Amino acid sequence: YSSFALRGHRWQLLLAAAGYRFPYLYTTTLLLAGWFTSALLPARAGDLLRIGVLRLGSERHAPVPVAPSLSSIVLERVLDILAILVLGASFGFALLRDQLPPWLLGSYAVGIALLLGFGLGLLFAPPLLVALRRLPWLAQSVFWQKLVDFLAQFVTGLRTLFRRPPVAILVVAESLLIWLGDALLVWLVASSLGAPLPLPAAAFVALTVDV
């Protein structure tokens, strides 16, 4: 339960960093509705629900364009990957030291490569978007310019944390706590079934599966 409470607050912070401030209960309610939908429908349909509800707005809350709401959810995923990699690698090193099998190290390497690729993509995205906007055979296309505008808004949303270091530190800390809660859940379930595990072992298994 506490991890969902933190997820709601983390999403509230990400939206606020993009310039859209909502009450905590509103963001947490939308997040829970999205998770419930994803539990019933494939392909993370709950994320589309969150984007759609924000886009429609309400009497109390102004609508949010698709690009910034989508970027906030992508940032959630990036923070999740970062937390899982850091915690999983830490528990794995504490538990197994130099006995980690190569295939497992490869899985973690893929995760690290994805994060590095994401960072490099954000670094080079602005000049790339300028070049795309000026492509000779597409510069006069209204549809193409709207597409580039959408991508520019999306990238701007993804880069918000770089301009707000205190918020970035807070959401990273919350992400670590969220996934520690996931590890604790596995440990408690195993204990309740009469098969107790050391907490580092339960955490390593839970987080490695998530990787």
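The shown structure was predicted, so the numbers you read here are calculated from the model rather than taken from an experiment.
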- Quick one: does Y24's side chain have a donor or acceptor within less than 3.5 Å of a partner on A5's backbone? yes
Hydrophobic clustering (ILVMFWY, side-chain heavy atoms < 4.5 Å, transitive) - are [Y] and [X] grouped together?
| X | Y | answer |
| --- | --- | --- |
| L95 | F93 | no |
| L207 | L184 | no |
| F162 | L70 | yes |
| V64 | V66 | yes |
| L197 | V209 | no |

- Has R134 got its NZ or CZ under 6.0 Å from the middle of the six-membered ring of W144, at an angle within 45 degrees of the ring axis? no
Determine whether [X] and [Y] make a side-chain contact, defined as any pair of heavy atoms from C-beta on separated by less than 4.5 Å.
| X | Y | value |
| --- | --- | --- |
| L75 | T160 | yes |
| F4 | I178 | no |
| I73 | I51 | yes |
| F91 | L180 | yes |
| R163 | T156 | yes |
| L188 | S192 | no |

- Who pairs with F22 by ring pair (Phe, Tyr, Trp, His ring centres under 6.0 Å), at least two apart in sequence or on another chain? Y26, H61
Distance, nearest 0.5 Å, that separates [atom1] of [X] from [atom2] of [Y]:
| X | Y | atom1 | atom2 | result |
| --- | --- | --- | --- | --- |
| S2 | L177 | OG | CG | 8.5 Å |
| L151 | L132 | CG | CG | 8.0 Å |
| R55 | L48 | CZ | CG | 15.0 Å |
| L49 | L41 | CG | CG | 9.5 Å |
| L176 | L82 | CG | CG | 7.0 Å |
| R7 | T27 | CZ | OG1 | 13.5 Å |

- For residues 141-161, the salt bridge (Lys or Arg N to Asp or Glu O under 4.0 Å) pairs (sequence neighbours left out) are R133-D149
List the atom pairs, with distances to 0.1 Å, where a side-chain N or O of residues 31-40 and a protein N or O form a donor-acceptor pair under 3.5 Å, not counting sequence neighbours.
| unit_1 | atom_1 | unit_2 | atom_2 | d |
| --- | --- | --- | --- | --- |
| T37 | OG1 | A33 | O | 2.9 |
| S38 | OG | G34 | O | 3.2 |
| S38 | OG | G46 | N | 3.0 |

List the atom pairs, with distances to 0.1 Å, where a side-chain N or O of residues 103-128 and a protein N or O form a donor-acceptor pair under 3.5 Å, not counting sequence neighbours.
| unit_1 | atom_1 | unit_2 | atom_2 | d |
| --- | --- | --- | --- | --- |
| S107 | OG | W103 | O | 3.1 |
| Y108 | OH | T208 | OG1 | 3.1 |

Which atom pair, heavy atoms only, marks the closest approach of [X] to [Y]?
| X | Y | answer |
| --- | --- | --- |
| P68 | Q153 | CD-OE1, 4.3 Å |
| P63 | P65 | O-CD, 4.0 Å |
| S71 | G157 | OG-CA, 3.4 Å |
| A183 | A206 | CA-CB, 4.2 Å |

- side chain to side chain contact (heavy atoms under 4.5 Å, CB included) between L54 and L15: does it pass, once the steps are laid out? CA-CA 11 Å; L54 287 178; L15 288 171; 4.2 Å; yes
- Note on the structure: Contacts satisfying ring pair (Phe, Tyr, Trp, His ring centres under 6.0 Å) that involve residues 184-211 (not counting sequence neighbours) are none
- Audit row: W11, T28, side chain to side chain contact (heavy atoms under 4.5 Å, CB included) steps and yes/no: CA-CA 8 Å; W11 193 36; T28 305; over 6 Å; no
- Would you sort out whether V78 and I81 count as a side chain to side chain contact (heavy atoms under 4.5 Å, CB included), showing the intermediate values? CA-CA 5 Å; V78 172; I81 294 173; 5.7 Å; no
- Message: Is it the case that the side chains of S69 and R50 hold a donor-acceptor pair, with the cut-off being a distance below 3.5 Å and no angle test?
- Response: no
- Message: With no hydrogens and no angle check, just 3.5 Å: does a side-chain donor-acceptor pair link D80 and W179?
- Response: yes
- Within 6.0 Å of CZ in R164, more than 12 heavy atoms from elsewhere: yes
- Please list, chain by chain and in numerical order, all residues satisfying side chain to side chain donor-acceptor pair (under 3.5 Å) with R77, sequence neighbours excluded. D47
- Task: Determine, stepwise, if the pair L161 / L14 fulfils side chain to side chain contact (heavy atoms under 4.5 Å, CB included).
- Result: CA-CA 8 Å; L161 291 182; L14 293 175; 4.0 Å; yes
